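Read through the structure below, which is laid out as structure tokens, and then see the notes.
In this text the structure is predicted, and so the values were computed from the model without any measurement. Residue numbers start from 1 in every chain, and the chains themselves are labelled A, B, ... in the order their sequence lines are given, proteins ahead of strands.
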Amino acid sequence: MSLKIYNTLTAKKEDFVPLEGKHVKMYTCGPTVYDLSHLGHARKEIVFDVIQRYLRYSGYEVTFVRNITDIDDKIINKAIELKKRPEQVAREFTYTFWKDMHALNVMPPDIEPRATEFIHAMIDFVAELIAEGHAYVSHGDVYFDVASFKEYGKLKKQSLDDLLSGARDQVRSQQELKEVKKSPVDFALWKSAGDNDLGWESPWGRGRPGWHLECSTMIKNVLGDTIDIHGGGEDLVFPHHENEIAQSESLHHTPLAKYWLHNSFVQVEAEKMSKSLGNFRTIEEVLKQFSPDTIRLFILQTHYRSPIEFTEEALKAAQSGLSRLIKAARQAGSKSEATMHASAELAKFRSDFEEAMNNDFNTSIALSVLYAMVDKINTSDPATASQIAFDLKKYAHVLGLTLKDNSKAINSKTAASVMDLVLELREKARENKDYASSDLIRDRLNNLGIKIMDVKGANADWEKA
RNA sequence: GGCGGCAUAGCCAAGUGGUAAGGCAGAGGUCUGCAAAACCUUUAUCCCCCAGUUCGAAUCUGGGUGCCGCCUCCA
């Protein structure tokens, strides 16, 4: 079975056929770096990480681009709040984002452009839109003329009339712009800035780019007019991706992306986890309590287009399940051992795994295949178990699960308690005049580089040599 | 107000016409000095409600109820 992907644009599962042979051009909207990332962001990055890993596993050559939005009102506001320059804020949170992604075993993108590196390209983009009659200048701003793009609304599947009537009750932010915009649905390509505000010179005066513009521009400059996969969270469908389509397609007269993929949210008490609602858990926080693999397993248990309810109980359940995967993976032998036995079983697991992933990346089913492999490993002879475990690890890696066994990695605090216990046992031996045992303990610890110092009238002390 | 989505066991979650995957938790058992791990058995006569289509529906249609998302920054 070949790979099928659900396309938001057509609202159907479609056969995946890249534009150029086995080469896949893929772009997802990266973070706006003004704050720590939370579990919802983690889900998006993990989902698309698995998608690109699976594409590579399937033999595609992937060019994965993920941008960093390092210029935005939120960054500017944060900078004012922290009394820092916007660049400092952007850099700081770019680093924390990278740290989080690294911790979660999310592969870095092949290319990671920043908005500020593309200001001139964005200005060119806007100039072309104006020249083509798709944008207009008003009070130093430039707006996209939505009426000029007849397919507007095709991603969200809502007509311009629907959007306008929908907007009627959402006039709050539109009210102030009534004078400058031709239509409430028109959106800013370029926003004017005061002399002291962050900005760049442009043909329309000092200003800065609108948010939607950067993705269109970077895709054009880095990947080309049409790409294979464009992805992001489902809240980006409208207006962000709709606007990207409007900008790019009215200029290029060719589809911006062939397949549009959107992941669903992480919810807390049946509500979207988001910064504005204040109900978020940062990646940093969650990582203190749960391992990266646990978080990934928790997220991949649910299909990427269904919402996930965040609960500690569910995370703990994932932790228990993960532990079984890790224990079974310990049986893994080397590739050379894994040639003689169970080839029929290996082929079955492989086809089950691939069938699941080919069906719009059904990681829930793919994980159930992994558990089936665990059962087989635990009930087979060592030779068979070892080769199934070898493949188990292989598929786990496609899902970005490391299955790293940390069960023996104790921290120094625990080690100190273990030392207390050892010394207590030695003391008991001494009290029983069992000097053979007490000397054995001291000598063996010595060999490990741990020195024992008996203290008169107190517990023995120890130190690393 | 406009548009869209979801509703499956104690919890999480697959399944879109052929008679309910998987994980966690629970119960009983094997093993064990006792545990742990592992293994075996077991846990939804039924998929929010009502009506309809069909030989057959959790899956399709209509109605209802509840919840969520987007329309404003948002993964």
Side-chain angles (χ1 to χ4, degrees), chain A residues 8 11 13 28-32 34-35 37-48 66 69 72-75 77 97 153 155-159 161-174 177 184-185 187 211 231-242 262-267 269-277 280 283 297-325 327-328 330-331 352 356 359 362-375 377-380 385 407:
Chain A
T8 307
K13 263 187 217 174
T28 69
C29 297
T32 300
Y34 74 100
D35 207 346
S37 301
H38 58 63
L39 208 57
H41 301 111
R43 183 180 193 190
K44 181 245 151 184
E45 300 306 340
I46 287 170
V47 161
F48 286 97
R66 183 183 65 209
T69 300
D72 178 86
D73 287 0
K74 292 198 164 184
I75 296 171
N77 293 336
F97 175 72
L155 189 65
K156 182 167 162 65
K157 288 162 194 54
Q158 208 165 345
S159 71
D161 285 344
D162 288 342
L163 289 164
L164 285 168
S165 69
R168 213 178 290 136
D169 286 353
Q170 302 291 332
V171 286
R172 296 190 293 269
S173 61
Q174 305 296 346
L177 292 170
V185 290
F187 55 92
W211 174 43
E234 67 177 355
D235 51 350
L236 297 187
V237 171
F238 193 92
H240 187 56
H241 289 161
E242 192 74 55
H262 295 95
N263 64 280
S264 186
F265 296 127
V266 175
Q267 303 183 337
E269 285 163 16
E271 237 183 7
K272 173 183 173 182
M273 178 181 284
S274 79
K275 285 176 186 169
S276 46
L277 289 170
F280 60 93
I283 294 171
L297 185 65
F298 164 71
I299 284 170
L300 296 180
Q301 272 174 344
T302 306
H303 184 80
Y304 75 92
R305 285 189 287 109
S306 301
I308 297 181
E309 175 73 18
F310 169 86
T311 63
E312 206 136 300
E313 195 186 354
L315 253 323
K316 282 182 181 151
Q319 195 172 38
S320 302
L322 177 68
S323 161
R324 284 185 59 215
L325 293 174
K327 281 178 186 125
R330 283 181 196 155
Q331 310 281 323
D352 286 351
N359 186 12
N362 194 327
T363 52
S364 186
I365 302 259
L367 284 169
S368 77
V369 175
L370 262 49
Y371 285 113
M373 295 175 86
V374 170
D375 284 344
I377 289 165
N378 288 336
T379 52
S380 297
S407 56

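Using bins of under 30°, 30° to 60° and over 60° for the plane-to-plane angle, the ring pair Phe310(A)/Phe298(A) lands in the perpendicular bin.
Side-chain atoms of Lys74(A) and base atoms of C73(B) include a donor and an acceptor less than 3.5 Å apart.
With a cut-off of 3.5 Å on both Watson-Crick or G-U wobble distances, the partner of A38(B) is given as U30(B). In this structure, C46(B) makes no Watson-Crick or G-U wobble pair, since no nucleotide meets both defining distances under 3.5 angstrom. Across all strands shown, U53(B) forms no Watson-Crick or G-U wobble pair with both distances under 3.5 Å. Nucleotide U16(B) forms a pair with no other nucleotide shown, judged by Watson-Crick or G-U wobble geometry with both contacts under 3.5 Å. Pairing partner, G4(B): C68(B), with both Watson-Crick or wobble hydrogen-bond distances short of 3.5 Å.
For Ser306(A), no side-chain nitrogen or oxygen approaches OP1 or OP2 of C68(B) to under 4.0 Å. OP1 or OP2 of G5(B) has not a single side-chain nitrogen or oxygen of Arg305(A) nearer than 4.0 Å. Close to G2(B), at under 4.0 Å from its OP1 or OP2, lies no side-chain N or O of Lys156(A). Between Asn362(A) and G15(B) there is a side-chain polar atom (N or O) within less than 4.0 angstrom of OP1 or OP2.
For the atom pair Tyr34(A) OH and Asp73(A) CG, the distance stands at 11.5 Å (nearest 0.5 Å). Note that the CG atom of Leu370(A) and the CZ atom of Arg324(A) stand 11.0 Å from one another [nearest 0.5 Å]. Between the CD atom in Gln331(A) and the CE atom in Met373(A) there is a gap of 13.0 Å [rounded to 0.5 Å]. A distance of 12.5 Å separates CD of Glu242(A) from CG of Leu236(A), quoted to the nearest 0.5 Å. Interatomic distance, CZ of Arg43(A) versus NE2 of His38(A), reported as 12.5 Å (0.5 Å rounding).
Candidate nucleotides A13(B), A21(B), A75(B) were compared by shortest atom distance to the side chain of Thr302(A), and A13(B) ranks first. Comparing atom distances between the Ala317(A) side chain and each of C24(B), C73(B), A75(B) picks out C24(B) as nearest. Nearest nucleotide to the side chain of Ser368(A), out of A21(B), C12(B), C3(B): A21(B). For Gln158(A), the listed nucleotide lying nearest its side chain is G2(B); candidates were C68(B), G23(B), G2(B). Residue Asn378(A) places its side chain closer to C39(B) than to any other of A75(B), C39(B), G23(B). Among the nucleotides C71(B), C39(B), A75(B), the one closest to the side chain of Phe238(A) is C71(B). For Thr379(A), the side-chain atoms get nearest to C40(B) when compared with the rest of C3(B), A75(B), C40(B). In the set G2(B), C12(B), A75(B), C12(B) carries the atom at the smallest distance from any side-chain atom of Gln301(A).
The NZ atom of Lys316(A) sits 17 Å away from the P atom of C11(B) (whole-angstrom rounding). Straight-line distance from the CD1 atom of Ile308(A) to the P atom of C11(B): 18 Å, rounded to whole Å. If you measure from atom CG of Leu163(A) to atom P of G1(B), you get 18 Å, rounded to the nearest angstrom. Whole-Å rounding puts the Glu312(A) CD to C24(B) P distance at 19 Å. The NZ atom of Lys272(A) sits 14 Å away from the C1' atom of G5(B) (whole-angstrom rounding). Rounded to whole angstrom, the span from the CG atom of Asn359(A) across to the P atom of A21(B) amounts to 18 Å. Between the CD atom of Gln267(A) and the C1' atom of A13(B) there is a distance of 14 Å, given to the nearest Å. The CG-P distance, from Asp375(A) to A37(B), rounds to 16 Å in whole Å.
Using a 4.0 Å heavy-atom criterion, one finds that Val369(A) contacts no nucleic acid atom at all. Residue Leu367(A) is out of contact with every strand shown, counting any heavy-atom pair closer than 4.0 Å. The residue His303(A) sits close only to the backbone: its heavy atoms come under 4.0 Å of sugar-phosphate atoms, none of a base. Counting non-hydrogen atoms under 4.0 angstrom, Phe265(A) reaches a base of the nucleic acid. Among the protein residues, Ser364(A) comes within range of the nucleic acid bases, having at least one heavy atom under 4.0 Å from a base atom. As judged by a 4.0 angstrom heavy-atom cut-off over every strand, Pro307(A) is placed among residues touching the sugar-phosphate backbone only. Within the nucleic acid shown, Gln319(A) has no heavy atom closer than 4.0 Å to any nucleic acid atom.
Nucleotides G15(B) and A51(B) are separated by 28 Å at their P atoms, to the nearest Å. A44(B) and A20(B) are spaced 8 Å apart, taking the C1' atom of each and rounding to whole Å. When the P atom is used for both U32(B) and A36(B), the distance is 14 Å, rounded to whole Å. A27(B) sits 42 Å from U61(B) when the C1' atoms are compared, rounded to a whole Å. The separation of U19(B) from G26(B), taken at their C1' atoms, amounts to 27 Å, rounded to a whole angstrom. Look at the C1' atom in both U30(B) and U65(B): the space between them is 49 Å, to the nearest Å. To the nearest whole angstrom, the two P atoms, one in C60(B) and one in G23(B), are 27 Å apart. Annotation: G66(B) and C48(B) have their C1' atoms spaced 8 Å apart (nearest Å).
Between Glu45(A) and Arg66(A), at least one side-chain N (NZ, or NE/NH1/NH2) sits under 4.0 Å from a carboxylate O, which counts as a salt bridge. Look at Asp235(A) and Lys272(A) and you find a salt bridge, because one of the NZ, NE, NH1 or NH2 atoms lies within 4.0 Å of a carboxylate O, short of that distance.
Judged purely by distance below 3.5 Å, without hydrogens or angles, the side chains of Thr28(A) and Lys44(A) pair a donor atom with an acceptor atom.
The residue among Lys13(A) and His41(A) whose nearest nucleotide of RNA chain B is located toward the 5' end is Lys13(A). When each of Tyr304(A) and Gly40(A) is assigned the nucleotide of RNA chain B with its nearest heavy atom, Tyr304(A) is the one assigned upstream, toward the 5' end.
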